[in-house]
Amino acid sequence: MPYVLVLYYSHHGAVAEMAQQIVRGIERVSGIEAKLRTVPTVSADTQASKDDIPDDGPLYCTEDDLRDCAGLVLGSPVRFGNMAAAMKYFLDGTTNLWLTGELVNKPAAVFTSSSSLHGGQESTLLSMMLPLMHHGMVMAGIPYTEPELMSTSSGGTPYGVSHVSGKQSDIPLSAEEINLCQAQGKRVAELALKLSK
Ligand SMILES: Cc1cc2nc3c(=O)[nH]c(=O)nc-3n(C[C@H](O)[C@H](O)[C@H](O)COP(=O)(O)O)c2cc1C
């Protein structure tokens with residue numbers, strides 16, 4: 001069964017919750033499934049390393065997980081207007097896949113969460129697209145035929161779904177954000193099936 005890889009990094013849980021909703025959207029499409037994976041935190045040489053298997057939650061993504069996906073949905077919190085170092089570090093380790101062109105023509109989408117409304121969601125989403133475009137992936141945003149793009153007063157952008165988590169990271173996903181997460185997952189799943197034919 002082909003799968004869409006939902007690959008994310010999350011520290012406080014907001015991006016992880018979005019990932020769950022994106023999986024639900026993928027699961028609405030028959031003939032394809034979702035695979036949920038995360039990436040480890042990064043540390044300096046002087047800091048201790050952790051086990052290869054996380055204490056809880058999804059497994060860490062392997063090169064095979066990424067190589068064999070039919071589509072990708074990539075998520076990271078906003079960190080000073082950019083993706084988190086953990087996700088950047090993971091992507092920086094994908095040179096083999098770039099050399100062999102194994103992600104070329106596969107659909108991809110990006111998602112993010114920030115604490116503040118104007119805290120850099122769009123810049124983060126756009127910067128997350130760059131390495132995926134170097135890999136030859138076909139970027140899928142969210143079209144304005146999704147009505148929540150107009151009605152949302154928190155997250156949601158045409159570049160990818162987003163969430164505003166608040167200063168204490170305690171604001172739950174809004175109804176609009178949930179719908180957009182699911183729409184994004186569904187769209188990438190449908191595109192993956194079409195592009196892999
Ligand atoms: C180092 C660091 C930088 C951050 N930079 C921003 C920022 O530029 N804009 C913003 O609105 N939130 C920023 N945040 C807040 C996170 O983006 C926000 O809490 C996000 O929802 C966390 O996602 P998570 O719960 O999946 O970890 C930053 C947080 C950290 C730890």
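Every number for a ligand or one of its atoms is a count from 1 in the order of the listing.
Considering both main-chain and side-chain atoms, Ala16 never comes within under 3.5 Å of ligand 1 through any nitrogen or oxygen pair. Here's the thing with Ser115: one of its N/O atoms is less than 3.5 angstrom from an N/O atom of ligand 1.
Of all atoms in ligand 1, numbered sequentially from 1 with element shown, those under 4.0 Å from a heavy atom of Ser169 are 19 (O). For ligand 1, the atoms lying closer than 4.0 Å to a non-hydrogen atom of Ser165 are 18 (C), 19 (O), 20 (C), 21 (O). When each atom of ligand 1 is checked for a heavy atom of His11 under 4.0 Å away, the hits are 24 (P), 26 (O), 27 (O). For ligand 1, the atoms sitting less than 4.0 Å from at least one non-hydrogen atom of Ser116 are 10 (C), 11 (O), numbered in the order shown with element in parentheses.
Looking from atom 4 (C) of ligand 1 to the surrounding protein, the closest heavy atom is Val78 O, 3.4 Å. Nearest to atom 9 (N) of ligand 1 among the protein's heavy atoms is Gly119 O, 2.7 Å. In terms of protein heavy-atom proximity, atom 5 (N) of ligand 1 is nearest to Phe80 N, 2.9 Å. The nearest protein atom to atom 31 (C) of ligand 1, hydrogens excluded, is given as Arg79 NE, 3.4 Å; this is a heavy-atom distance. At the top of the distance list for atom 25 (O) of ligand 1, counting protein heavy atoms only, stands Ala14 N, 2.8 Å. Here the heavy atom of the protein found nearest to atom 22 (C) of ligand 1 is Pro77 CB, 3.7 Å.
Between Leu132 and Ala108 the shortest heavy-atom distance is CD1-CB, 4.0 Å. Closest heavy-atom contact between Val4 and Ala192: CG2-CB, 4.4 Å. The minimum heavy-atom distance between Tyr60 and Asp52, with the atom names listed, is CD1-O, 3.0 Å. Listed here is the closest heavy atom pair of Ser10 and Val15: OG-N, 3.7 Å.
Checking side-chain atoms of Asp92 against main-chain N and O of Tyr89 turns up no donor-acceptor pair under 3.5 Å. Here the side chain of His12 pairs no donor or acceptor atom with the backbone of Gln168 at under 3.5 angstrom.
Ranked by closest heavy atom to atom 26 (O) of ligand 1, the top entry among Ala19, Ser10, Gly81 is Ser10.
When side chains are defined from C-beta on, Lys106 does not count as touching Leu195, because their heavy atoms never get closer than 4.5 Å. A heavy-atom distance below 4.5 Å is not found between the side chains of Ile142 and Thr157.
Ion pairing between Glu190 and Lys186 holds under the 4.0 Å rule for side-chain N and carboxylate O.
At a heavy-atom distance under 4.0 Å, atoms from both the backbone and the side chain of Ser113 approach ligand 1. Within the 4.0 Å heavy-atom criterion, both parts of Ser114, backbone and side chain, lie near ligand 1.
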Check against side chain to side chain contact (heavy atoms under 4.5 Å, CB included), Tyr8 and Phe111: CA-CA 9 Å; Tyr8 71 92; Phe111 64 105; 4.0 Å; yes
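Residue-ligand proximity: Gly120 is placed with every non-hydrogen atom at 4.0 Å or more from ligand 1.
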